[in-house]
Colleague: 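I am attaching a structure below and will ask some questions about it afterwards.
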Amino acid sequence: MAGRIKQTQTGVAGATPDERFALVRAVASPGGRRPAFKVLTGCCDHRSNSTVITSGNDASHNEEAAGRTSGDYSYSEVGATRALTLPSGYKHLRQTGPAGRGMDDFHAAAEALMCWDVHRDAGLTVRSGSGRARVGADVVLELGMGPLRVQAPCRVIYTVDEPRRRGFAYGTLDGHPERGEELFCVEIDTVGNVRFSITAFSAPALWWSRLASPLSRAVQHRITDRYLQALAPKG
């Protein structure tokens, strides 16, 4: 896929602070290009069965239960994106964009999201042992190349699987530049409009991300825009 960043063997730890800031500025630049959205059919692993339950936090959300503790996470409020009010002490982000119209667009957008294609089309390299976002799946998102490569390890906390609403949330693991959680959700309303929404709370977790906090925030918003553009109707 055009514009996809290649995986390399070196990491951001070997880069100088100036080099790290250069990567942050490059991603945050309004002139940055994104690859076009394309649904890749047959890319998902459908072999495992999932048990859908009603979340105790919100009875309107049918979510797959995460059978893990928060011990490996880099923050304590695991699962907090289920609630309408996000935890204090973090920067909050809520953005929504169009993702088509009708059930065909809804299913295509949901499948692209659950198969990690939205993240790939936003310019990230996705490394995961699971071809599909499922509870407990670990994923490492990579941005940049060579010594400027940033790695962001996450784990899927819960999934949303409803007739008109699909998505998942993941939380940051140790080593992620930020600490917090992000929910990605595709839904279709009663008149057929498909929307893609992103809800997140986060704070810098590493010394260099704290030092470059304003630029890191710009990167987050830039990547979020790319996520929304990945599912935006073309033409």
Side-chain angles (χ1 to χ4, degrees), residues 1-7 23-24 26-45 81 93-128 130-134 137 139-145 149-154 156 159-161 164-170 172 176-178 180-189 192-200 202 216-235:
M1 187 176 296
R4 191 175 296 172
I5 297 172
K6 297 179 181 178
Q7 181 176 334
L23 172 62
V24 170
V27 176
S29 171
R33 299 183 64 185
R34 63 172 182 87
F37 167 59
K38 183 186 295 183
V39 176
L40 303 182
T41 58
C43 66
C44 295
D45 180 0
T81 50
L93 181 148
R94 298 180 190 270
Q95 291 195 32
T96 302
R101 182 170 177 80
M103 292 303 297
D104 286 347
D105 283 352
F106 169 71
H107 289 304
E111 199 69 1
L113 175 62
M114 301 304 291
C115 289
W116 303 112
D117 283 342
V118 168
H119 289 71
R120 294 187 183 98
D121 290 348
L124 302 175
T125 296
V126 178
R127 294 198 293 111
S128 178
S130 174
R132 189 174 184 83
R134 54 170 54 92
V139 59
V140 178
L141 306 173
E142 297 180 346
L143 177 67
M145 298 174 62
R149 185 185 65 182
V150 175
Q151 294 185 325
C154 302
V156 178
T159 60
V160 180
D161 190 1
R164 292 182 172 272
R165 191 168 178 266
R166 296 279 305 283
F168 67 91
Y170 56 41
T172 59
H176 195 295
E178 302 283 314
E181 190 172 304
E182 195 159 16
L183 168 65
F184 304 87
C185 195
V186 175
E187 55 188 313
I188 182 170
D189 63 21
N193 295 315
V194 182
R195 305 286 292 178
F196 178 32
S197 62
I198 299 171
T199 303
S202 63
S216 296
R217 194 62 47 197
V219 168
Q220 182 185 29
H221 283 278
R222 180 63 180 165
I223 294 297
T224 299
D225 288 342
R226 290 181 178 180
Y227 289 150
L228 294 174
Q229 290 165 5
L231 291 185
K234 306 301 186 289

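Only a predicted model underlies this, so the values are computations on that prediction, with no experimental measurement involved.
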Colleague: So do C154 and H176 actually touch side chain to side chain, heavy atoms under 4.5 Å?
Modeller: yes
Colleague: Side-chain contact, heavy-atom cut-off 4.5 Å: R226 with H221?
Modeller: no
Colleague: For a side-chain contact (heavy atoms from CB on, under 4.5 Å) check, start with the C-alpha distance between F168 and V160, then their side-chain angles and the critical distance, and finish with the verdict.
Modeller: CA-CA 6 Å; F168 67 91; V160 180; over 6 Å; no
Colleague: When rounded to the nearest 0.5 angstrom, what distance separates OG1 in T96 from CZ in R94?
Modeller: 9.5 Å
Colleague: Going by side chain to side chain contact (heavy atoms under 4.5 Å, CB included), name the residues that satisfy it together with E182, two or more places apart in sequence or in a different chain.
Modeller: Y170, F184, I198, A200, T224, Y227
Colleague: Looking at every heavy atom in both D105 and A99, which two are closest together, and how far apart are they?
Modeller: CB-O, 4.0 Å
Colleague: Restricting to non-hydrogen atoms, name the atom on P233 and the atom on P98 that form the minimum distance, rounded to 0.1 Å.
Modeller: CD-O, 3.5 Å
Colleague: If you measure from CG on L93 to CD1 on I223, what distance do you get to the nearest 0.5 Å?
Modeller: 12.0 Å
Colleague: Evaluate the side-chain hydrogen bond (donor to acceptor under 3.5 Å, both in side chains) criterion for residues E181 and T81: first the C-alpha distance (whole Å), next the side-chain angles of each, then the deciding distance (0.1 Å), finally the verdict.
Modeller: CA-CA 7 Å; E181 190 172 304; T81 50; 2.5 Å; yes
Colleague: Please examine the side chains of C185 and R165, heavy atoms only from C-beta on, and report whether any two atoms are closer than 4.5 Å.
Modeller: yes
Colleague: Using side-chain heavy atoms (C-beta onward) and a distance below 4.5 Å, is M114 in contact with T159?
Modeller: yes
Colleague: Do P177 and V150 make a side-chain contact, defined as non-hydrogen atoms from C-beta onward lying under 4.5 Å apart?
Modeller: yes
Colleague: C115 and R132: which non-hydrogen atoms are nearest, and at how many Å?
Modeller: SG-NH1, 4.0 Å
Colleague: Are F196 and L113 packed together at the side-chain level, in the sense that at least one heavy-atom pair is separated by less than 4.5 angstrom?
Modeller: yes
Colleague: So, for L143 and G123, which heavy atoms are closest and what is the spacing to 0.1 Å?
Modeller: CD1-O, 4.1 Å
Colleague: Looking at L231 and A112, what are the two nearest heavy atoms and their distance?
Modeller: CD2-CB, 4.2 Å
Colleague: Run the side-chain contact (heavy atoms from CB on, under 4.5 Å) check on T125 and L141 step by step: do they pass?
Modeller: CA-CA 6 Å; T125 296; L141 306 173; over 6 Å; no
Colleague: Work out which heavy atom in K234 is nearest to a heavy atom in A230; give both atom names and the distance.
Modeller: NZ-O, 3.6 Å
Colleague: Do the side chains of E187 and R164 get nearer than 4.5 Å, heavy atoms only?
Modeller: no
Colleague: Using 4.0 Å as the upper bound for N to carboxylate O, is an ion pair formed by R166 and D161?
Modeller: yes
Colleague: D225 versus Q95: any side-chain heavy-atom pair under 4.5 Å?
Modeller: yes
